[in-house]
Every structure is written in C-alpha cells, then in structure tokens.
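Sequential numbering from 1 along the given sequence is applied to the chain's residues. Just so you know, ligand 1 is whichever comes first in the structure, and atom 1 is the first atom listed for that ligand.
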Amino acid sequence: MSAVLDTVPVGAASAATVSRTFAAEAAPTIAVVLLGTGVVGGALLKLFNTPAAASLRLVGAANSRRQQTDPTNLASRSLREQLNHQGDARDNAGLLAALDASGAAIRVIVDATASAPLASRHAEWLARGYHVVTANKALAGGELPGWRALQAALASGGRYGDSATVGAGLPVLSTLRRLRTCGDSLLTLEGVFSGSLSWLFNQYDGSRPFSVLLREARQLGYTEPDPRSDLSGEDVARKLLIIARNAGFSLGTDEVDVQGLVPEPLRALDAESFLARLEELDAPLAKLHAEAKSRGCVLRFLARLNQRGRARVGLVEVPLTHPAARLYGTDNQFALTTTRYNTQPLVIQGPGAGPEVTAQALLGDVLALG
Ligand SMILES: NC(=O)c1ccc[n+]([C@@H]2O[C@H](COP(=O)([O-])OP(=O)(O)OC[C@H]3O[C@@H](n4cnc5c(N)ncnc54)[C@H](OP(=O)(O)O)[C@@H]3O)[C@@H](O)[C@H]2O)c1
C-alpha cells in the first residue's frame, strides 16, 4: 500500500504526484466501521462508493458472524457477499483497533443492525471517544436506564447520530432538537410511525380481507418476514419513546400503552403457523372497519403522546378530515404541537421506510461529524 511513498523520494516527485500520494496515504478525516450488512447496511455500502462519501474511509465491516478489516477486501464491491463466507470471527475489539489504527480525527461506529446486545455498547463506545451513528433503536427506544446511560456518555463529547431511528431519516428528531434549542417545547405528538402499518390501513377499505393485504405487504417487503414484529406495535412504541425522550419526557417502556393487532392465541406460535392462520385477523378488523365507516371515519394505527406525557400506540378511528386519513403508500406522519406551533401542528410527512433513504440518513449523520 505504501510502495509509492517508500520508493519515491518526496523531493523528486512532481507536485501532482505528491499531492495524489499524500491524498491516498494520509490519515482520513473520518474513519468508519459498519456493523450490519443487511438491507440497510448493504445500501450504505453502495453510498460509500459514491463521491458524496469521498471524505470517509471504511476501515471495518461486520455481519453477525464475520468481520473484515483488510483494506483490499473492504474496497471490494462484493464485500457484503464476501462476509457470508470469508473474514475474521466477530470481535468488536478488532474493529475498534482498526478505527484507532486509522489515525483519523473522527472515528465512527455505524450500527445498521437491530441487535440489542450491540446497542447496549453504544454508551461505552461514546465514553471511549468514538462517535456512534445508528439505525438500531434498541438503546434510545429501550429501557430507561439505557437511555440515561446514553445521555451520560454524550456528556463526554461523543456524538450520537440517530436520524435513521425514526421515520427512516425524515427530519423529525433534528427538527425537534432545533425547536428545543430555540426554547420551544413539545406539547403533543401524534402520527403514523410505521411504513408497513401505514400501507396496510391506507389500503384497507373493506373490499379485501385484511389477511390478503397483509400477505401482499409481506411479498412487497413492506413487513418483516414475521409480520407480528410490525403488527405488535412494539417498533412504533420504540419510535414514540425515542421522540418523547428527545422532547424531554423521560418515559419508561412500561409507560407506553401498546394495543397491538396480534390476538393473544396467535402470539406464541412459530412464524410458519402464524402465517397459516392470518385469516383469524379478518373478522375483528372487518367489524372495526365497518363501525368506523358508519361514523364517517377510517382506521389508522396511531402513536400519540399527550401533554401529560401519556403515550399510547394502537388502532383508532379518525375522521376523513384528520391529517392521517390522507396518507399514501408507506408514508409516515409526525404531527408536532409545540408552544409556538400551537394553533396548527407542524407536520412532517413522507416515506418512512426503505433502505436507500435509511442509508442516506446514516451517511448524513456521519458526514455531519466532519
Ligand atoms: N429496512 C428499513 O427500511 C429500515 C428503516 C429504518 C430503520 N431500519 C433499522 O435498521 C436496522 C437494520 O435493518 P435491516 O432491514 O438492514 O435488517 P437486516 O436486513 O436484517 O440486517 C441486519 C444486519 O445486522 C447484522 N447483525 C446482527 N447482529 C450483528 C452483530 N452482533 N454484529 C454485526 N452485525 C450484526 C446481520 O448479520 P447476518 O447477516 O449475519 O444476520 C445483518 O447483516 C434495524 O434496526 C431496523 O429497524 C430499517
């Protein structure tokens, strides 16, 4: 790698050669380790190969089983596939050592997994001087002591890029923080925080059974392979916790009332058995839909936080004039009523899922560290 520097005396090289050589050899400004090379991590690897990421150097990448720190392998366009059969055994210490060895002023760990054990390390990494950029909600949207540990670690100067944890990078958390910096405060919050549940209820007009739509959503990749992850409302609850906590409401996980859509008898089944019994969702939802329609309303899976800090997640009827009644596709919507936006809420709406926009949110948070 350093052949040019070793064999060409700097004084003998042309100015252009020197500057190219130094550009290739100098310590990068920002060194990055990527944890998770799945749907989102894979999209981020593609973005790393674009000019937008020219100031970054990838010095490590890992899936749950293997990792890679060799520069040639990291530069390979098939890195993601390679990691399935080639690389070192997983060891976070080896990845941190690669960040340290880079000599970069800014050392960043990007977490594109859903792993709770990995998220539980975020605070420690921040305290050790690394920055963390994450799509993983398990720490900020998990148990309250984890959130508090994160806040304590941030006091040591590390930065936490969390744009991808809510709305797949829609400018929700950044807007909220900006308002708070200006002395504004969140009074209430309401919205649709799940792309899959948005799509399902935007489509559900009673003409087709809910189970048919759910199978279609699953085929389109809008739901997790086991759709109970979406239908349980737990992911929405985590996003609500992240926003509420960033707004100053220190809520615990047990303070969110989550009314999921999975009937009790279907909760403990293995995924295959659950998928074989989706029709059991149809009658209860058809009844709720008919009742809502008779009152001129539609069903929406809403997350809500009221002024007293009461947080609820579940299916509700909304009138056709409600902002959530006018959503399209997998749109997310976040309606923020604040001290200053108090006659009409500030509404942030747009695609709230998808690998490209989520990866872009991660890249944006990394670049913002520079
Ligand atoms: N997909 C979206 O549109 C979207 C939108 C917003 C946020 N997110 C969030 O982004 C995160 C990733 O989502 P995804 O859709 O990309 O999931 P995914 O396709 O299932 O990928 C997860 C990746 O994490 C890896 N992983 C798991 N544990 C690990 C560990 N201990 N160390 C290193 N890698 C580990 C997995 O490795 P293996 O391949 O070895 O299993 C896999 O590469 C999740 O937190 C999700 O909630 C996703």
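Residue, atom and distance of the protein heavy atom nearest to atom 39 (O) of ligand 1 are Arg65 NH2, 3.4 Å. Looking only at protein heavy atoms, the nearest one to atom 25 (C) of ligand 1 is Gly36 CA, 3.7 Å. For atom 3 (O) of ligand 1, the nearest non-hydrogen atom of the protein is Gly354 N, 2.9 Å. The single protein non-hydrogen atom nearest to atom 30 (C) of ligand 1 is Leu118 CD1, 3.5 Å, given as residue, atom name and distance. Nearest protein neighbour of atom 13 (O) of ligand 1, counting heavy atoms only, is Val40 CG2, 3.9 Å. Counting protein heavy atoms only, atom 10 (O) of ligand 1 is closest to Ala135 CB, 3.3 Å. For atom 37 (O) of ligand 1, the nearest non-hydrogen atom of the protein is Ser64 N, 3.1 Å. Here the heavy atom of the protein found nearest to atom 44 (C) of ligand 1 is Thr113 O, 3.5 Å.
Under 3.5 Å, the side chains of His322 and Glu190 contain a donor-acceptor pair of N or O atoms. Between the side chains of Thr188 and Gln307, not a single donor N or O lies within less than 3.5 Å of an accepting N or O. Side chains of Asn63 and Thr37: a donor-acceptor N/O pair is absent below 3.5 angstrom, by distance only.
Here is the list of ligand 1 atoms found below 4.0 Å of a heavy atom in Asn136: 45 (O).
When the heavy atoms of Gly352, Ala112, Pro117, Gly41 are ranked by distance to atom 22 (C) of ligand 1, first place goes to Ala112.
Partner Val110 forms a side chain to side chain contact (heavy atoms under 4.5 Å, CB included) with one of Leu35, Val33, Leu44 and no other, that one being Leu44.
Residue Ala353 places no N or O, backbone or side chain, under 3.5 Å from any N or O of ligand 1.
Contacts classified as salt bridge (charged side-chain N to carboxylate O under 4.0 Å, His left out) and involving residues 224-237 (residues at least two apart or in different chains) are given here: Lys137-Asp235, Asp226-Arg228, Asp235-Arg238, Asp235-Lys239.
For Gln360, the CD atom is loosely surrounded, since the number of other residues' heavy atoms within 6.0 Å does not exceed 12.
By the 4.0 Å heavy-atom criterion, Gln67 is excluded from the residues contacting ligand 1.
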Take Phe210 and Phe201 through the test ring-ring contact (aromatic ring centres under 6.0 Å, His included) and record every step on the way to the result. CA-CA 9 Å; Phe210 189 79; Phe201 288 102; 5.4 Å; yes
